[in-house]
Amino acid sequence: MPRAFTPKVITASDLLEGDVIYLTEDDTWSRHLTEAEVIDDEAHAQIRLLDAQSQPDRIVGAYLADVTIGANGPEPAHFREAFRATGPSNYNHGKQELAG
Amino acid sequence: MYRYSDFDAAFVAERNKQFRAQVDRRIAGNLTEDEFKPLRLMNGLYLQLHAYMLRVAIPYGTLRSAQMRQLAYIAEKWDRGYGHFTTRQNIQYNWPKLKDVPDILDALAEVEMHAIQTSGNTIRNVTADHFAGAAADEIADPRPVAELLRQWSTDHPEFQFLPRKFKIAITGSPNDRAVTKAHDIGLRMVEQNGEPGFEVIVGGGLGRTPMIGKVVRDFLPKADLLPYIEAVVSVWNTLGRRDNKYKSRIKITVHENGIENIRELVEARFAELRPGFSGVDQEILRDIEAQFAPPAFTARDTDGFTAFYDNDPVFRSWVDTNITDHKRADHAIVTVSLKKQGDTPGDASADQMRLLADLAEKYGYDELRISHEQNVILPHVPRADLPAVHAALKAYGLATANIGLISDIIACPGMDYCALATARSIPVAQQIATRFDELKLEHDIGALKIKISGCINACGHHHVGHIGILGLDRAGVENYQITLGGDGTETASVGERAGPGFAYDEIVPAIERLIYAYLDVRDSSEETFLETYRRLGMAPFKAALYPEAAEKHAA
Ligand code: HEM
Ligand code: SF4
């Protein structure tokens, strides 16, 4: 049996701001992980990654990140992605600041 | 202090103009990221976890107050109101926007600063003893030589695409405060029969394969420095491995070829290069030396200082930990701690930077230094003015009396900022500092260096910490490995791994057990942690770190 595919989102850094962004289903970029398109098969993941990488004047360094599915949509599977989705732990800067 | 020549100013202005055009082309979509990345790295611009990061060089750690004020202005205008001082005598801004970076670089150029060669496979910012020009134990001020090396290496055509980055550190004192043995080249000023020269150390480095540098030449006359260094870099440029980035640093070249072979090759290359150096470099050096002439010190009496010292215990404690002897008895070197317990090591707010600039201007002949231990130094303060300086620092949360103590921790940015990190380091530093402050044990523990890195690259120097902490990712959770017995001074050694790592919430209690074990087994309060470790070895510390294992063993 093939291994179950871990759901993924596509994430990158915004070219101008440098902050963390996520690819949505309608091909825009969101600053909120909850709005990201959740991808659950490998072939689609590769196609969406190509879609993302074809926007080099908008984003930098697109890649696939594992997520789990929670009550409000995708949540980071790994602590690195949790920090990217939140901000640094020593100051209330980054995304957590927007969340208020 | 060194001032830019017309050549320096024109060079930096030209580079800034080029970079502005490169940024414009990137934003307009005419450069891909693959094309742009090496260009931005050459100008100190990284892309980190949450934002861009700009790394600004502070050559040999020396700043004038006008430069410090400009750093504060940049922090406020284009960043989040603070800067992070690093172990490489740089300042990093964690939140710049791409379109603002050319303006920031222009603002830096206004005060003769830049971000060139803070990245990439070039000869990096030359670091120097932060007490240079002030220390009582100094043979000569090493900064003119550091500046000569900077001029020689900047944009040197042979050395723009080296196998890897190349870092040089220099000290003018027998007490090595510049970690020279953990650099690609370390230079220690020495004298032989009254003639000044250098002991040249090569092949030190930290990272995934830590190595203590080896002496390649025990006495190099001062006038031979540039051709000799060029010979070292040239031999490595030829032999150094470009096939594997983990084997590319000179430490591996020295390790694989042996120091004897390297010495022979370097001497042969040196013999070829030496005649090409007609002495112009020595003339330039003399000009540079004139610019580093010591300030016109004013003689001051120290009675007021002594009275204060005797009567104010808070002031006394600060003087005892944060003040170092100056070459003049009526002056002192002040180390200002950027490590207030619970704060982020190395961070300074714009207000704090401005205060430091004001103090340097008013009491310190306009000079400031940044140490590789992430603190700020006022190198020349009349002892008579220390009470006023202390009071001013206190008002800005900068009077923490902890230099060289357990809360004076070096921590790299780690997972809170760094794209390469495998775990956090800043909060671990904050928690250790806070915990020992609560226990009121800090001064009792005495001299102790804890250094923390958030991945194997070792930017936090953990290998040379008396206690080193390395944050790793073990199956998706943060895990911290402890090393013991590291030392970054003239008695350099690489720390030894104590055993299995600890989870994030176990690391502070583990350090606490370690410290209690030290307090138990030390000879006297005079014996430092490192001395105790060197006398007794790993056993008592291992038992304290892993009590279950010790019990099992006993059963
Ligand atoms: C945050 C962005 C940073 C990145 C991406 C980064 C990257 C790296 C890498 C890849 C290495 C290993 C180089 C090698 O072994 O060839 C390294 C080494 C080093 N870094 Fe950083 N670093 C960063 C921040 C810092 C900071 C903030 C400091 C100072 C606190 C620092 C100081 C050092 C030092 C001293 C080494 C030397 C280790 C050696 O000798 O190999 N780095 N860095
Ligand atoms: S040691 Fe690792 S985590 Fe820390 S700054 Fe260097 S590269 Fe980043």
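Just so we're on the same page: letters track the sequence lines, and every chain starts at 1.
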Can you tell me how far apart [atom1] ([X]) and [atom2] ([Y]) are? Round to the nearest 0.5 Å.
| X | Y | atom1 | atom2 | value |
| --- | --- | --- | --- | --- |
| B:Trp95 | A:Glu17 | CH2 | CD | 11.5 Å |
| A:Asp57 | B:Leu31 | CG | CG | 12.0 Å |
| B:Glu33 | A:Ile59 | CD | CD1 | 9.5 Å |
| A:Asn90 | B:Asp416 | CG | CG | 5.5 Å |
| B:Lys99 | A:Leu15 | NZ | CG | 12.0 Å |

*Return the minimal non-hydrogen interatomic distance between B:His50 and A:Pro88, and the atom names on each side.*
NE2-N, 3.5 Å

_Could you walk me through whether B:Arg80 and A:Glu97 satisfy the side-chain contact (heavy atoms from CB on, under 4.5 Å) test, starting with their C-alpha distance in whole Å, then the side-chain angles of each, then the deciding distance to 0.1 Å, before giving a yes or no?_
CA-CA 12 Å; B:Arg80 301 298 310 259; A:Glu97 191 180 21; 2.5 Å; yes

*Write out, in numerical order, the residues from residues 74-83 of chain A with a heavy atom short of 4.5 Å from a heavy atom in chain B.*
A:His78, A:Phe79, A:Arg80, A:Phe83

*asked:* Suppose a student defines contact as a heavy atom less than 4.5 Å from any heavy atom of chain B. Which residues in residues 30-50 of chain A would they list?
replied: none

*Hey, is OH on B:Tyr396 packed in by over 12 heavy atoms from elsewhere, all under 6.0 Å?*
no

*Whether A:Tyr91 and B:Tyr82 hold their rings parallel, tilted or perpendicular, with breakpoints at 30° and 60°*: tilted

Region of [X] that comes under 4.5 Å of a non-hydrogen atom in chain A:
| X | answer |
| --- | --- |
| B:Ile426 | side chain |
| B:Leu47 | side chain |
| B:Val23 | neither |

*Choice from A:Ser13, A:Pro56, A:Gly87 maximising heavy atom contacts with chain B below 4.5 Å*: A:Gly87

*Could you check A:Asp19 against B:Tyr52 for side-chain contact (heavy atoms from CB on, under 4.5 Å), going step by step and ending with a plain yes or no?*
CA-CA 8 Å; A:Asp19 63 340; B:Tyr52 287 98; over 6 Å; no

